[in-house]
Amino acid sequence: MKNGNNTAINNFNATNNPGLECIQVDDALYSTANWTDIDTQTTFSEDCTFMEPITYVPDDAFEQALIDMGYDTGALDDYVPTNNINMLTSLDVSS
């Protein structure tokens with residue numbers, strides 16, 4: 001779906017696709033807010049090249065802290081690889 005023109009799409013339905021985990025789009029926040037006809041396991045992302053489980057992290061400052069600590073890489077995209085954080089029992093993000 002990433003085509004540089006997602007805001008022109010008025011009707012989007014991707015339900016009944018149990019194997020569909022990620023839909024690559026222009027703006028994940030826009031798509032999540034406006035395209036609600038998706039299955040519960042499906043997420044929107046600007047980059048679906050990763051095929052590992054991901055955790056939604058909507059706070060950019062928190063995600064940047066995770067990037068700075070090496071738990072995430074690349075640009076802010078609202079997602080962190082779940083395998084990088086699922087065993088954490090504490091996390092210091094002070095300052």
Side-chain angles (χ1 to χ4, degrees):
M1 292 301 303
K2 188 169 189 168
N3 64 5
N5 201 23
N6 285 174
T7 57
I9 298 172
N10 296 319
N11 185 15
F12 181 84
N13 186 323
T15 57
N16 298 314
N17 290 290
L20 182 60
E21 295 178 3
C22 183
I23 300 172
Q24 191 162 315
V25 295
D26 300 329
D27 181 339
L29 293 176
Y30 172 85
S31 299
T32 300
N34 292 285
W35 300 345
T36 57
D37 291 330
I38 60 171
D39 297 325
T40 56
Q41 82 284 351
T42 306
T43 59
F44 295 107
S45 176
E46 287 89 13
D47 183 5
C48 289
T49 56
F50 54 85
M51 292 310 295
E52 61 184 309
I54 56 174
T55 300
Y56 180 55
V57 180
D59 184 286
D60 287 347
F62 184 64
E63 184 182 3
Q64 185 61 57
L66 293 172
I67 290 169
D68 294 344
M69 289 184 267
Y71 293 108
D72 193 13
T73 60
L76 296 173
D77 63 0
D78 295 323
Y79 295 96
V80 175
T82 302
N83 293 337
N84 291 0
I85 60 171
N86 66 348
M87 299 303 286
L88 289 175
T89 57
S90 66
L91 185 66
D92 183 0
V93 291
S94 59
S95 300

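When reading the values below, keep in mind they use all heavy atoms of this one structure, side chains included, and skip hydrogens, waters and symmetry mates.
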Report yes or no: do Ile85 and Met69 belong to one cluster of Ile/Leu/Val/Met/Phe/Trp/Tyr joined by side chain heavy-atom distances under 4.5 Å?
yes
Check whether any side-chain N or O of Ser45 sits under 3.5 Å from a backbone N or O of Ala28 as a donor-acceptor pair, and report yes or no.
no
Name all residues meeting the ring pair (Phe, Tyr, Trp, His ring centres under 6.0 Å) criterion together with Tyr56; count only those two or more places apart in sequence or in a different chain, and write none if there are none.
Tyr79
Please check this pair: side chain of Asn17 against backbone of Leu20, looking for a donor-acceptor N/O pair closer than 3.5 Å.
no
The reported gap from NZ in Lys2 to OG in Ser31 (rounded to nearest 0.5 angstrom) is 10.5 Å
Nearest heavy-atom approach of Ala61 to Asp59 is N-OD1, 3.0 Å
Path from Leu76 to Phe62 over hydrophobic side-chain contacts below 4.5 Å
no
Can a donor-acceptor pair be found, under 3.5 Å and without considering hydrogens, that links the side chain of Thr15 to the backbone of Asp37?
no
Write down the atom of Glu46, the atom of Gln24, and the distance for their closest heavy-atom approach.
O-CG, 3.5 Å
Any Trp35 side-chain heavy atom under 4.5 Å of Ile23 side chain:
no
Over all atoms of both residues, closest heavy-atom pair of Gly74 and Ile67
O-CD1, 3.5 Å
Please name all residues satisfying side-chain hydrogen bond (donor to acceptor under 3.5 Å, both in side chains) with Asn3, sequence neighbours left out, ordered by chain then number.
Asn6
Would a hydrophobic clustering, with Ile, Leu, Val, Met, Phe, Trp and Tyr connected at side-chain separations under 4.5 Å, put Leu29 with Ile38?
no
Asp26 side chain vs Asn5 backbone, donor-acceptor pair below 3.5 Å:
yes
Give me the atom names and distance for the closest heavy-atom approach of Glu63 to Asp77.
OE2-OD1, 2.9 Å
Can you tell me how far apart CG (Asp47) and CD1 (Ile54) are? Round to the nearest 0.5 Å.
10.0 Å
Shortest non-hydrogen contact from Tyr71 to Leu91?
CE1-CD1, 3.9 Å
Would a distance-only check, ignoring hydrogens and angles, find a side-chain to backbone donor-acceptor pair under 3.5 Å from Asp39 to Gln41?
no
From Thr82, Asn84, Asn83, residue fulfilling side chain to side chain donor-acceptor pair (under 3.5 Å) relative to Thr55
Thr82
Looking only at side chains, do Asp60 and Gln64 share a donor and an acceptor under 3.5 Å apart?
no
Interatomic distance, CG@Asn34 vs CG@Asn11, rounded to 0.5 Å, equals 12.0 Å
